Amino acid sequence: MKFTSILTTFLSISVVDSFSLSTSFTSPALSRRPSQARRPSSWNTKQHDVTIAATQLFHSPPPRNAPKHDTGMPMELDPQEMKIQAAFAEHQQNAPKLGFAIDVRTLVQYNHGFAVISTNSKSNEGYPNGSVVGFAPDEDGNPVFIFSGMSSHTQDILKDPRCSLTVASKQFKGAADGRVNLMGKVKLVPPEEREAAKAIYLKKHPGAFWVDFGDFNWFRMEIERINFVGGFARAGSVSPEEYRNVKPDAISEFGVHIASHMNDDHQDSTIAMIESQVPGINATEAIITSVDSLGMFVKVTRSPVGSEEKQQFKMRLPFPRKAESRKDVKDIIVEMTRSAAAAAASSSSD
């Protein structure tokens with residue numbers, strides 16, 4: 001698997017207008033050791049080391065062609081803030097995650113069933129043709145479609161089956177949320193497999209009465225390449241083999257409902273859980289964006305020590321053990337909430 005999963009720490013992020021980045025990730029100078037880097041005499045070597053630690057790739061060794069962002073030298077930080085960031089970096093690096101292949105398979109499986117297909121235009125040669133289409137993944141995760149013969153994308157595919165399908169997560173609201181681009185060839189489903197394709201599609205789209213129209217035909221994508229963006233600084237590719245060999249995360253199917261309940265009624269508990277795992281963050285807002293069997297992703301808002309600037313970033317909040325059912329998730333979150341409350345009480349009594 002090729003990917004770059006860069007830890008987006010407070011140091012690296014300043015967010016304005018829905019997660020737009022304005023400060024540094026990693027510069028060429030930071031890819032060298034402090035003694036090798038060209039730096040001014042006022043450069044703080046300790047701060048430089050923390051910066052490197054806070055922008056490491058999650059998975060080592062990093063790919064040789066991993067993308068880097070060069071936006072200059074890091075800002076001067078309060079010493080206490082540097083400690084918080086270092087603790088955050090270590091926590092995030094060790095927090096269990098599903099892994100890219102399962103993330104991709106899960107996103108495609110539990111999407112609302114609509115995506116953007118890009119075909120090579122038959123009528124305007126050399127230009128891409130984009131259409132919003134319905135789809136349903138089969139047991140191997142391959143998208144199944146039912147297309148009218150009158151549609152322009154159908155005519156495009158019959159001439160040139162090469163295309164891509166861009167699938168956004170069901171909760172997609174902006175650049176911090178996940179999306180997948182599947183590339184491959186879309187071909188007609190053989191007659192003997194059409195009833196199975198119909199059953200798959202109707203399970204995702206039970207109201208699709210047009211599946212029996214005479215001028216509609218069944219198609220399926222044979223995936224050849226997969227690109228994934230899980231949010232800022234978390235992007236890469238997954239091989240079709242890796243994609244086929246994993247199953248969607250079962251907890252993620254109903255995780256959005258758990259997240260919605262927590263965000264509406266128990267955000268204070270989420271903030272307390274964050275503080276108990278990385279003391280000093282002092283989040284002012286914590287919105288759970290997804291829940292899976294190993295933990296939660298949370299959009300955190302806070303101000304760094306010594307600054308009034310607002311920062312937003314995604315944080316992985318891991319479960320103490322793998323969740324196997326809806327009840328298990330509830331029990332784990334209650335356990336984490338009580339543990340966080342006890343830690344807060346102990347801290348305040350010291």
Side-chain angles (χ1 to χ4, degrees), residues 101 103-173 177-229 237-248 252-253 256:
D103 273 340
V104 172
R105 188 70 189 274
T106 299
L107 188 155
V108 173
Q109 184 71 34
Y110 302 131
N111 167 273
H112 42 54
F114 293 92
V116 176
I117 192 168
S118 299
T119 55
N120 293 303
S121 178
K122 176 183 177 181
S123 58
N124 296 283
E125 189 172 350
Y127 286 86
N129 182 23
S131 302
V132 176
V133 298
F135 79 97
D138 67 12
E139 61 182 9
D140 290 325
N142 299 309
V144 172
F145 312 94
I146 179 78
F147 290 152
S148 167
M150 298 174 60
S151 299
S152 62
H153 50 264
T154 305
Q155 296 301 312
D156 296 343
I157 287 167
L158 292 175
K159 180 182 178 182
D160 184 349
R162 295 174 301 171
C163 62
S164 72
L165 187 74
T166 301
V167 186
S169 68
K170 195 172 185 178
Q171 299 78 38
F172 188 89
K173 292 183 179 179
D177 299 313
R179 57 271 196 196
V180 175
N181 183 255
L182 307 175
M183 301 171 65
K185 295 182 177 69
V186 172
K187 300 179 179 180
L188 284 163
V189 174
E192 66 274 15
E193 298 178 19
R194 288 174 187 170
E195 282 302 314
K198 179 179 177 180
I200 290 169
Y201 194 87
L202 286 176
K203 185 176 180 180
K204 191 75 170 180
H205 302 277
F209 56 87
W210 53 88
V211 298
D212 292 318
F213 287 4
D215 66 331
F216 278 68
N217 291 288
W218 292 102
F219 292 83
R220 179 170 50 224
M221 174 181 274
E222 298 175 357
I223 299 173
E224 298 177 355
R225 183 176 176 82
I226 303 168
N227 295 316
F228 173 59
V229 178
S237 62
V238 173
S239 73
E241 292 74 25
E242 289 171 313
Y243 177 77
R244 285 193 296 268
N245 290 335
V246 298
K247 297 297 181 184
S252 297
E253 183 173 11
V256 61

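Residue numbers run from 1 in the order of the sequence given. Here the structure is a predicted model, which means the values were calculated and not measured.
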Under 3.5 Å, sequence neighbours excluded: what are the donor-acceptor pairs made by side chains of residues 157-166?
| residue | atom | partner | partner atom | Å |
| --- | --- | --- | --- | --- |
| Asp160 | OD1 | Arg162 | N | 3.1 |
| Asp160 | OD1 | Arg162 | NE | 3.1 |
| Asp160 | OD2 | Asn120 | ND2 | 3.2 |
| Asp160 | OD2 | Arg162 | NE | 3.4 |
| Asp160 | OD2 | Arg162 | NH2 | 2.9 |
| Thr166 | OG1 | Asn181 | ND2 | 2.9 |

Tell me which donor-acceptor pairs under 3.5 Å the side chains of residues 107-115 have, and how far apart each pair is, sequence neighbours excluded?
| residue | atom | partner | partner atom | Å |
| --- | --- | --- | --- | --- |
| Tyr110 | OH | Asp249 | O | 3.3 |
| Asn111 | OD1 | Gly113 | N | 2.5 |
| Asn111 | OD1 | Phe114 | N | 3.1 |
| Asn111 | ND2 | Ala168 | O | 2.6 |
| His112 | ND1 | Phe114 | N | 3.3 |

Return a table of donor-acceptor pairs under 3.5 angstrom between the side chains of residues 211-223 and protein atoms on other chains or two or more places apart.
| residue | atom | partner | partner atom | Å |
| --- | --- | --- | --- | --- |
| Asp212 | OD1 | Lys198 | NZ | 2.6 |
| Arg220 | NH1 | Glu193 | OE1 | 3.4 |
| Arg220 | NH2 | Glu193 | OE1 | 2.6 |

What pairs of donor and acceptor atoms, side-chain ones from residues 127-148 against any protein atom, are under 3.5 angstrom apart with sequence neighbours left out?
| residue | atom | partner | partner atom | Å |
| --- | --- | --- | --- | --- |
| Asn129 | ND2 | Ser152 | OG | 3.0 |
| Asn129 | ND2 | Asp156 | OD2 | 2.8 |
| Ser131 | OG | His153 | ND1 | 3.3 |
| Asp138 | OD1 | Asp140 | N | 2.9 |
| Asp138 | OD1 | Gly141 | N | 3.0 |
| Asp138 | OD1 | Asn142 | N | 2.8 |
| Ser148 | OG | Met150 | N | 3.1 |

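With rounding to the nearest 0.5 Å, the separation of OG in Ser169 from CG in Asp103 is 11.0 Å. For the atom pair CZ (Arg105) and CD (Glu242), the distance works out to 13.0 Å, reported to the nearest 0.5 Å.
Under the salt bridge (Lys or Arg N to Asp or Glu O under 4.0 Å) criterion, Arg194 pairs with no residue at all, not counting sequence neighbours.
Ser151 places no side-chain N or O within donor-acceptor distance of the main-chain N or O of Thr154, the cut-off being under 3.5 Å.
Around CD of Glu125, the count of heavy atoms belonging to other residues, nucleotides or ligands within 6.0 Å does not exceed 12.
Applying the ring-ring contact (aromatic ring centres under 6.0 Å, His included) definition to pairs two or more places apart or across chains, none involves residues 180-200.
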